[in-house]
Every structure is written in C-alpha cells, then in structure tokens.
Amino acid sequence: MRTNFNILNLILISLGGLALMFIIAPLLGMFLNTTPTEIFETTQDKEVQQSIWLTLSVSFASTLVFAIAAIPLSYLLARREFFAKKLVLGIIDLPIVIPHSAAGIAILGFISRDSVIGQVAESFGITLVGNPIGIAVAMAFVSIPYLITAARDGFLAVPIRLEKAALNLGASPARVFFSVSLPLASRNILSGMILMFARGMSEFGAVVIVAYHPMITPVLIYERFGAFGLTYARPVSVVFIIVCLVFFAALRMLSRERPKR
Amino acid sequence: MLEIKNISRKYEGFALQNISFSVEKGEYVVLLGESGAGKSLILEMMAGLILPDQGEIYYEDKAITNEKIQKRNMGMVFQDNTVFPHLKVKNNIAFPLKNQKLSPQENQQAILDYAQKAQVDKLLERWPETLSGGELKRVAIARTLASKPHCLLLDEPLSSLDVQLRDDMRSLLRQLNEEGMTMIHVTHDFEEAISLADKIGIVHQGELVQFGSPKEIFHKPKSKFIAKFSGIKNFYKSIVIDPKTILLENKVELKMPHGLSEGQGFAMFKSEDVILSSSRIDSSIINNFEAQVLEVIPSPRGMEVNVDIGIIVSTLISQESYERFQIKKHGKIWIGIKATAIHFIEKE
C-alpha cells in the first residue's frame, strides 16, 4: 500500500511539475534573454511609458465603471429567481468562450459611427473607435464575466437570514443591500474586480480591432514584433509583465488583508 | 393585542393547518412541539419572513398579514442569532437605532442602555466571531430590543446553551417579560415552557393541538402526544364502565375514587404515583396488579421501571428501592396505583 502510494505521488509530482514548467519556461526564457540594460532602456522609452499608463488607467476605469452595473446584476442572479435565468447565466459566460477578435468585431459594430451609441457619442464630439472609451468597452466586454461570477458567488455566500434579520430590525431593502449584503460579499467582489482589471489590461484581440491607436501595451508589443522582430518586442513584454505582476500582487495582498479582530 | 386567525401554509412538503391563537400585551406565550412540528414557521409568519397561504394576523385589530417585514416591528431573535459578523457588538446594537434618528450622544446612550439590559455592556468593542454562543444570543436580544418591537419572537433561545447559561438566559427573558415585553417563544423543551409561560400552545404535525395555561395543559392534556410531551407516560384511552370503574385500552380495569358519568376519555397518572412492592400490598390502595418487568432505565430522578399488567405502565423509584427489590428484567413485581392519583379526562 505504502509503495503504491509513493509511486502515485511520484507520478503526480512529475506530471504536475511538467505542467508548472510549461508555464514557467517560456516566461523564464524571455526574462533570461533580456539584459538589464535593455529593460532599463525600455523603461525610459516614452512610447512604452505612455502605453503602460494608458493600459493600466483604462482597464482600471473600465473595471470601476462597469462594476456599477455588474454588481447589481450579480445580486439579482444570486437572490432572485426569474424566467430564463439559466440563459442569462450562459450569456454572461459568452465573452469567455468566443474568439476575442470576433468580440472586437462585434464591439466595433456596436460603437462605430453607424451605430446608435456611436452617433450619440459623435453628437458630443467623441469618436468611440480609436478612443480610450472604445478600448475600455472592449476590455470590459471580455473581462466582465469574471467580476459578475465572483460577485454572484459572494452574494450567494451571504446567509439570506442575515438579510431577513436586517429587514426585521426595520432596515429598508436598500439599506440591507448596502449595509449587510454588499459588505459581506465585498471580499469576493474585490477579488472579481482584480481579476477583471487584470484580464482587461492583458486583452489584445478585441482591443486591436476597436483601437489600434492610442496604443495599449499588448498592441505595442505586437507592433514592435511586426515591425522590428522578437528582439525589440521582448523587452517591452518583460517590462509589461513585471508591471502587471506587481499590480496584481499588490491588489491581491490588499484584498486579502483582514481587519484586525 | 396579537391575533393569529386560521393561518395555513404549505412549505417544502409540510403543511401548517388552521393555526389560531391570541396573545395579550405583556403575556409570555410558549409554542411547544417536537422538531419539525412547524413552530418556527408560525414565528416566521408572524415576523413576515414567510407569508401564509390562508388566514390573517392582526396586531391591535389591524391586519398585518401582508405587511412588509420591515414595517411590522415584530422583533425576531433567530435560533442562529444572525448577529452581523462584519459589525462590532456596538454597531450591531446600533443597527436598528439608525431609524430612530437620535443625536450621536443619544445613540451612544441607547447602545449602552440596551447592552446593559441584555448584560453585554462589557462586550461592545468585540467582534461577533470572538463571542460564545450565550454572548451572541444576548447581543441578538439587545439588538432586537433596540428596534423597539411590539413583541419579542424567540426561536429556541435556550437551545445550544449549557446549563448555567441557560438559567441566566431564562432569568433575562423572565425579567424582560416582567418589564412589560410581550414574548412569543418557541421550544421543544417542556420544562422550559412551564418555567416561563403564561400560556402554552402545543404544536404537533402542523397543527396547534392545545392552547392554554400551563396548568390546563398539564392537568387536562387533550391527547396522548401532549401527555407524553409533558412528561406523563401513563396515558390511556379509557371507557367508564360503571361510576367507579374505568377500563383502560379495553384491557385493564381501574377503580376510581368518585362517581363518573358514562362515556369515553383518557386516564392518566404520573410514574411516581405508582407504588412497587415485592408482594401484594395490604393497604388502602385498591388498584393492585402483579406485573412483569419489561425494562429498567436509569434517569436523573431515579430508576424508571416499565412493567406489563396487560398495558404497559411506567413507574419511577429511587435507586435504593431498586436495589432493595432486586428488580430484574422479566422478573415479577407487584404494583399499586392510588385511585386518587388517576386523572380521568372526558373526551369533548
């Protein structure tokens, strides 16, 4: 029995290690093939700086703005039963399964000058295509399922009895939502927002169709690769990955920090 | 003051049927029944958490049956306390105070007052996850009191508390009631009900089978279930065969001290009113039987000896008597039942 167990362990560790190496090796290779000088020079490149700033700020803003609608939807999905709820749940997962270039085409049609939304924006002097707003819409489209799912799980984990107890204490349904349900689901919501933010800033396929310019970093990497080759695309990739990892780790740590008891 | 009229409700394969009772202001009513009998459901309908399929609920002659939960002002203390885990004790108590538009000083004072009333004033700065079950229950009570409810609806408030905490909580509940709070309390514990209630409602399989003072319930239980629930194990369907004799379960005759009119009903007597002896008792007791011992069960009050005399009779004797009579399973023993200890309840 003991021998069997050890053999099983050996197989599990070997296969698991291979899977882990599969993720680590290409990234490590990229890091090892980039000299510190190249990284330093890339960080000084104005175009790179601007694109990283644009990527982070647009993804962040897109997460915040779309959360205003995504969180109430998550609450409805967690608490109410309604006709075609399963269909709605399926629709929410759609952006994850469709090709992101196809998503980009869909969004382009949705916000172009010929569309209603595009025309309304034009009347205010804003062209959505090729604009950070268009980028934000494309980022949100592909990343919003992560927030909705995480927030819904958060609301589902709040005992309904706590909400009923709050009502019983005389609180209005709105107060129950803001002072009981939302704070108790906040950890999941925050975690969903971090995922949405991270997924949004790494998006390429949908964004490149909606807005080649102004250039977000994934598009810049693609452009450098197309124009100058691997050697020029690699340092930008490394810098962007470092920035993403730092942000992701910092946000994760913030969301995990528990209040003192 | 509070009136429940013919409430019925089907709920997850279970049905509450035609529940009616009323509660006067300042009264302590206990709904007593086994787990799953439907007691908590009645409480939840009073609080508005669930709406009845039929029937009405009135508060001071005003129908509140379909009133929103937050407008009813029925203070529910849930069995699992439902203290908000993300708020400190003081903020839990302050939660219902928000509706009362108090100044910051008045708010602080009110928190302290309600905390003192429920004896949690030392815990105000604590987080719920650091509190014991008894402390959480008290916080839940303080918070509910802060909502200034018309009455307190208590769902099994003493369950999951150890003996000492249970006594303390019982005195707190009694004290709140003495201060004028109307209480409706759900439990499965008969002693808890007796010790607190002005009125007891017995709930059995979705029906309110009896409602009255503890004395009425105890002395005139309307069914075998209630009698057993109240701790009386000797309860038999009986027929009066002559003014001084009743026939129990069509098997055993018992002599009664006073004249009975013809009819049917139930005979009952307490286990401790059955006298055991090794031979026939030569005494004033006229109901003597030779019995076979079926089983002996140790209980906190002594030894419970169940015997067969054609019907099964439960008796209760001290440990000393048990040893003296050398009672053994399947052994023979004599029992005597005092005629004056037998209650006959005519079937209505």
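Atoms considered below: every heavy atom in the structure, side chains included; atoms not considered: hydrogens, waters and symmetry mates. In the text below, chain A, chain B and the rest are named by the order of the sequence lines, each starting its count at 1.
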- Item | Salt bridge B:Arg174-B:Glu178, side-chain N to carboxylate O under 4.0 Å | no
- Just how far is it from atom CE of A:Met139 to atom CE of A:Met201, taken to the nearest 0.5 Å? 9.0 Å
- Message: Under 4.5 Å from any heavy atom of chain A, what part of B:Arg143 do you find: side chain, backbone, both or neither?
- Response: both
- Note on the structure: When the 4.5 angstrom heavy-atom criterion is applied to B:Asn81 and chain A, the contacting part is neither
- Query: Side chain of B:Arg166, backbone of B:Glu192: donor and acceptor closer than 3.5 Å?
  - Reply: no
- Between B:Met74, B:Arg72, B:Lys148, which shows the greatest number of heavy-atom pairs under 4.5 Å with chain A? B:Met74
- Message: Less than 4.5 Å to any heavy atom of chain B: does that hold for the side chain of A:Ser186, its backbone, both, or neither?
- Response: neither
- Message: Between B:Val77 and chain A, with a heavy-atom cut-off of 4.5 Å, which part of the residue counts as in contact: side chain, backbone, both or neither?
- Response: neither
- Item | Basic-acidic side-chain contact under 4.0 Å: B:Lys88, B:Glu125 | yes
- Query: Checking side-chain contact (heavy atoms from CB on, under 4.5 Å) against B:Val30, which of B:Val186, B:Thr187, B:Asp198 comes through?
  - Reply: B:Thr187
